[in-house]
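Just so we're clear, the structure is a prediction, and the values are computed from it rather than from any experiment. Per chain, numbering begins at 1; letters A, B, ... match sequence-line order.
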Amino acid sequence: MISQFFVLSQRGDNIVFRDYRGDVQKGSAEIFFRKVKFWSEDAEEEAPPVFNVDGVNYFHVKVVGLLFVATMRTNTSPSLVLELLQRIARVIKDYLGVLSEDSLRKNFVLVYELLDEVIDFGYVQTTSTEVLKSYVFNEPIVVDAARLPPLGPASLFMQGSKRMPGTAITKSVVANEPGGRKREEIFVDIIEKISVTFSSSGYILTSEIDGTIQMKSYLTGNPEIRLALTDELTIGRGGRSIYDYGGSSGSGAVILDDCNFHESVHLDSFDVDRTLSLVPPDGEFPVMNYRITQEFKPPFRINTLIEEAGQLRAEVMLKIRAEFPSSITANTIVVQMPLPKYTTRVSFELEPGAVGQTTDFKESNRRLEWSLKKIIGGSEHTLRAKLTFSQELHGNITKEAGPVSMTFTVPMYNPSRLQVKYLQIAKKSKTYNPYRWVRYVTQANSYVARI
Amino acid sequence: MAPPPVYNQRSPSPSQPSGKGEVSDLKMQLRQLAGSRAPGTDDAKRDLFKKVISYMTIGIDVSSVFSEMVMCSATSDIVLKKMCYLYVGNYAKHNPDLSLLTINFLQRDCKDEDPMIRGLALRSLCSLRVANLVEYLVGPLGSGLKDSNNYVRMVAAMGVLKLYHISASTCVDADFPTTLKHLMLDDPDAQVVANCLSALQEIWSLEASKSEEASREREGLLSKPVVYYLLNRIKEFNEWAQCIVLELVAKYVPSDSNDIFDIMNLLEDRLQHANGAVVLATIKVFLHLTLSMTDVHQQVYERIKAPLLTLMSSGSPEQSYAVLSHLHLLVMRAPYIFSSDYKNFYCQYNEPFYVKKLKLEMLTAVANESNTYEIVTELCEYAANVDIPIARESIRAVGKIALQQYDVNAIVDRLLQFLEMEKDYVTAETLVLVKDLLRKYPQWSHDCIAVVGNISSKNVQEPKAKAALIWMLGEYAQDMQDAPYILESLIENWDEEHSAEVRLHLLSAVMKCFLRRPPETQKALGDALASGLADFHQDVHDRALLYYRLLQYDVSVAERVVNPPKQAVSVFADTQSSEIKDRIFDEFNSLSVVYQKPSYMFTDKEHRGPFAFSEELGSLSIGVESADNIVTAQRVEANDKDLLLGTSEKEESRGPGNNGSAYNAPAYDGSPALTAAPQTQLDLVSLDHTPAASVSSTSLAIDDLLGLGLPVASTPAPPPPPALELNPKAVLDPNSFQQKWRQLPISISQEISISPQGITALTTPQALIRHMQGQSIHCMASGGQAPNFKFFFFAQKAKESSNYLVECIINTSASKAQLKIKADDQSTSEAFSSLFQSALSKFGLP
């Protein structure tokens with residue numbers, strides 16, 4: 001039974017604070033914040049999402065730099081509370097369009113109204129934006145999205161391709177647009193987060209795709225929707241070890257290790273024709289989550305060379321090759337590499353004619369950072385860096401540096417090749433033809449090359 | 001007027017208004033608006049209300065505008081009403097007098113024609129938390145529960161629970177729990193049903209200690225009709241309510257295997273739910289239902305693997321953390337299930353520390369012959385990483401795997417390579433591990449010592465690592481050329497050594513070194529003893545003195561004490577007893593799993609959830625500090641009384657004649673139990689009598705003793721053995737135990753003495769449990785620490801499924817055991833009692 005719910009800013013200010021049962025002291029937010037802030041002397045050890053201080057259990061999740069916290073004295077399911085906190089954040093985002101400290105502060109009365117209906121006396125009532133709509137009467141005060149840092153998977157679509165209306169994903173599900181009528185539209189996003197670890201010789205040690213089919217519907221009247229996926233889709237890898245590569249590639253088959261579905265999804269014909277039918281509730285929600293360990297072609301290859309060049313010097317060469325078609329462009333690429341701790345100075349040398357690339361040596365944590373605005377498929381980019389050390393290195397330099405890690409976003413590309421074949425909306429009338437957006441994006445989760 | 005409540009201690013930050021002036025401004029403005037009917041008033045009010053609430057949130061006390069807020073609340077604007085309700089709910093508790101002002105308009109709103117308003121008003125009315133207002137709640141709640149609108153009924157069900165917490169008697173007197181029960185069983189709206197269930201669980205478990213009826217009602221929630229009714233509607237509930245229902249089902253005791261399969265088939269698709277809470281709750285049901293069916297239980301492990309891995313990787317790091325904690329618990333019970341999925345537990349670059357740490361624990365747990373090489377290779381990558389906390393954890397993980405005995409050769413090589421990396425923290429962690437490894441695998445000393453000898457003690461600063469290095473210097477003084485000199489230089493810096501642990505190790509090491517290489521070490525030893533005797537730390541001082549006296553007395557004795565031949569350690573002690581682990585497993589899908597301790601260790605008694613069996617034992621480990629043993633024992637008993645055993649105590653006092661046993665009177669009524677102990681067979685168990693005397697009741701016992709070659713011949717002729725044989729493979733699941741314990745009256749309750757051998761052997765509960773198991777008496781649960789231990793045992797007749805249940809509280813310092821025996825077949829409880837006592841008496845005998 002949840003005693004209190006509160007949202008703290010990065011500085012520890014209460015933005016909203018709701019007490020449901022009155023059995024935890026009022027100063028809990030402060031106790032919590034102090035505990036999280038000074039969890040350990042070592043800054044790298046973060047406070048775990050659940051901990052207990054003097055018989056009070058504190059749960060928290062971090063969303064866009066805000067801390068969503070619940071306290072309670074009873075023993076309960078941690079996944080329930082953590083899931084709930086995430087869900088509250090999502091409901092608030094559905095209502096406000098954007099979730100940020102600013103939008104929360106402007107709309108705290110609305111947030112209180114939501115919280116009253118989401119939890120009663122510590123018991124969860126509902127987190128469905130759809131259901132909540134009939135209980136909540138405040139109008140959101142929409143903050144200007146353009147000034148805000150992007151948030152959540154859908155925000156990936158904010159940059160890049162023009163086909164994607166940037167305002168849509170930051171649109172409140174309840175607020176009317178300036179013109180009065182709401183636009184009928186539905187977004188289906190296939191978001192794949194990939195994790196790859198390359199060995200020092202470039203061999204793939206592990207690879208995994210964590211995929212989500214995310215939906216956000218602005219359709220009135222809740223029409224039924226049918227979503228047809230790739231035909232050659234199998235689930236479960238049978239008796240084979242999931243890391244048993246080979247054999248599966250080449251054919252067009254997409255093999256999911258496992259998947260799960262939102263509760264609104266009907267799977268009646270899923271086994272027959274890989275079609276999901278559902279009446280999408282309002283707000284953003286994952287239709288389906290899936291996990292793939294089937295081998296796939298990684299979008300980038302990373303080559304790293306680090307060599308000692310004299311007693312107090314070394315040279316690093318980083319080479320990135322984009323291994324996807326040239327019709328596709330990756331954006332916001334950042335390559336990072338920890339350098340030996342005696343590194344005092346780094347001079348960079350970009351390739352001639354490089355555009356939109358920046359380099360930096362972060363002295364505080366001895367890290368090399370190379371940012372590229374975009375990379376076109378098939379191209380290759382190189383960075384050379386000369387390192388100067390304050391002390392002679394002993395031992396192997398490769399043990400003192402690395403691994404190289406990379407973050408990126410590749411719109412309109414998904415390595416699993418899972419496709420939405422069609423998106424059918426039950427028609428209300430002949431003229432009813434809402435906008436449908438089916439979008440793909442790939443994002444690096446943990447993309448690491450050892451050296 | 002009541003003093004202003006201290007709402008929040010935090011002083012507002014500079015950017016926020018300080019309060020006072022603004023609050024009185026607000027008060028003025030609200031007053032002006034209160035009577036106004038001008039158009040636009042509502043908008044103006046909204047702005048003011050918002051200000052009031054924003055002050056409230058940041059911790060400024062705005063209770064002084066209470067009456068103005070109430071005056072302004074006469075409005076039809078629902079947004080205004082809601083803000084007003086929020087405000088009132090926040091301050092009512094501290095301003096009971098003012099709250100009376102709100103009753104009127106809230107009661108009126110409870111009769112509004114808009115169900116929204118009715119519901120909201122009812123919710124606020126019940127949230128006032130003011131005891132003297134409860135009389136105003138009963139009427140609106142009663143009509144709320146009968147309201148035609150589901151929203152109002154939903155709010156009313158929760159309202160009943162709120163009322164219960166303000167005034168339990170008012171709630172019970174109005175017969176609201178019964179109304180809730182009817183509503184739960186036939187309301188068409190699933191959320192109403194769920195709220196009724198939540199409210200009833202809470203009310204009835206709190207009432208159960210006071211009323212027998214409530215405890216029966218609580219049991220009733222777990223009855224087949226109720227559980228099936230809820231299960232059949234499972235898809236109507238929203239995901240959160242499903243969790244509540246599933247949590248209830250996990251406690252259901254199925255009648256047969258068809259029952260189990262029906263439930264599992266019904267819930268199968270819940271495992272594909274995107275909400276991790278639903279999946280984990282379902283898994284708990286599956287695991288608990290199949291506990292007694294080994295094969296199916298294994299299949300369940302296979303089935304839940306994929307969904308758990310998906311949850312782990314698809315959610316936020318926080319959710320992964322919760323799921324990983326559960327994976328860790330499962331893998332401890334069944335290491336093989338994830339042994340081929342070990343790559344899922346490789347750390348990802350961007351994961352937070354708490355996730356990585358759990359993953360490392362998973363990797364150590366799943367390591368086996370076939371995957372150790374790859375896992376250790378991966379761990380070595382992390383050890384070389386720039387992320388220092390993870391590097392440390394990884395080295396520890398490598399060490400743990402080495403101690404599990406897989407592929408030690410390769411691992412020792414790897415560890416020694418760590419020492420060559422010349423990173424201080426890597427060296428430190430590795431030294432600690434090498435020390436442990438040497439204790440287990442002395443055969444590696446040659447290789448290890450060669451490398452360790454090259455480490456400069458100046459590069460080792462962390463106390464644990466330093467202590468480990470010093471230990472090795474002492475232990476292998478023979479093989480390490482420089483040992484005496486290194487020790488000598490360390491002793492020279494005695495005063496700069498801040499860690500007492502290191503100084504203690506230094507003393508022992510220099511002693512060992514001296515005993516092997518006296519001429520070289522003599523000076524160092526003298527210095528060390530002198531420094532040790534002057535040390536301000538008590539333990540260091542005492543150890544130095546002990547060594548000094550030993551040497552003075554006899555060097556060969558000193559040798560035997562300080563440097564006896566050592567046996568290699570085969571298994572390092574597990575930090576957690578298997579009982580604790582089982583208990584955590586019982587509390588699957590709760591914080592117990594995350595904290596790795598049962599709920600009684602971190603929850604106050606009144607906040608433990610309904611149906612928690614663990615509470616009984618929980619009270620055990622608390623309250624053992626007292627020196628007065630009898631009092632402690634009583635305290636244990638007292639704790640029990642107001643917990644779960646409450647009902648059985650009552651039954652007992654209601655009909656003491658029931659079973660006609662002379663032992664029925666409670667044995668702990670204050671008189672010193674030592675003397676009051678029943679005479680009959682107790683001598684058999686007590687002190688220094690020849691064990692032969694205990695060969696009393698059973699043929700079983702005689703066999704055993706004969707087998708041990710003890711002097712049986714001198715025994716007086718044993719009484720005819722009772723015809724009672726126990727089933728050595730008896731099984732009973734915790735739920736049925738708990739139910740039986742509640743239902744059955746106490747057949748025998750007595751106190752007996754325990755032999756000193758028994759007391760000596762009872763260092764941990766496990767020792768006794770193993771012993772009793774050998775006597776076909778099985779342990780259901782145990783707990784406590786010296787001197788108080790508590791056990792629940794059960795046994796079954798060999799040929800029929802007639803059970804005996806025993807509660808056994810042992811106080812080791814008084815050498816007493818208190819027994820309470822309950823039996824399905826009470827006519828044989830005497831026979832069982834003697835069997836039990838005889839089994840107990842043999843505990844600790846060679």
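Looking at A:Asn445, both its backbone and its side chain come within 4.5 Å of chain B, counting heavy atoms on both sides. Proximity to chain B (any heavy atom under 4.5 Å) is shown, for A:Val124, by both the backbone and the side chain. For a residue to count as touching a neighbouring chain, one of its non-hydrogen atoms must lie under 4.5 Å from one of that chain's; by this rule A:Phe137 touches chain B with backbone and side chain alike. Using a 4.5 Å cut-off between heavy atoms, A:Asp210 touches chain B through its side chain atoms alone. Looking at A:Pro338, the atoms closer than 4.5 Å to chain B (heavy atoms on both sides) all sit in the side chain, from C-beta outward. Of the atoms belonging to A:Arg21, heavy atoms from both backbone and side chain fall under 4.5 Å from chain B. Heavy atoms of A:Asp116 lying under 4.5 Å from chain B belong to its backbone as well as its side chain. Interface residue A:Phe108: only side-chain heavy atoms are found under 4.5 Å from chain B.
No side-chain donor from either of A:Asp258 and B:Gln272 sits under 3.5 Å from a side-chain acceptor of the other. Under 3.5 Å, the side chains of A:Ser77 and B:Asn589 contain a donor-acceptor pair of N or O atoms. A:Gln336 and B:Tyr349 form no side-chain donor-acceptor contact under 3.5 Å, judged by distance and modelled atom types alone. Judged by distance alone, the side chains of A:Asn75 and B:Thr603 never bring a donor and an acceptor atom under 3.5 Å apart. Side chains of B:Tyr151 and A:Glu117: a donor on one and an acceptor on the other come within 3.5 Å. For the residue pair A:Tyr112/B:Thr57, the side-chain donor-acceptor check at 3.5 Å is satisfied.
For A:Phe51 and B:Tyr595, the gap between ring centers reaches or exceeds 6.0 Å.
Counting all heavy atoms, side chain and backbone alike, A:Asn138 lies closest to B:Val79 at OD1-CG1, 3.2 Å.
B:Glu239 has a carboxylate O that lies under 4.0 Å from a charged side-chain N of A:Arg87, or vice versa, which qualifies the two as a salt bridge.
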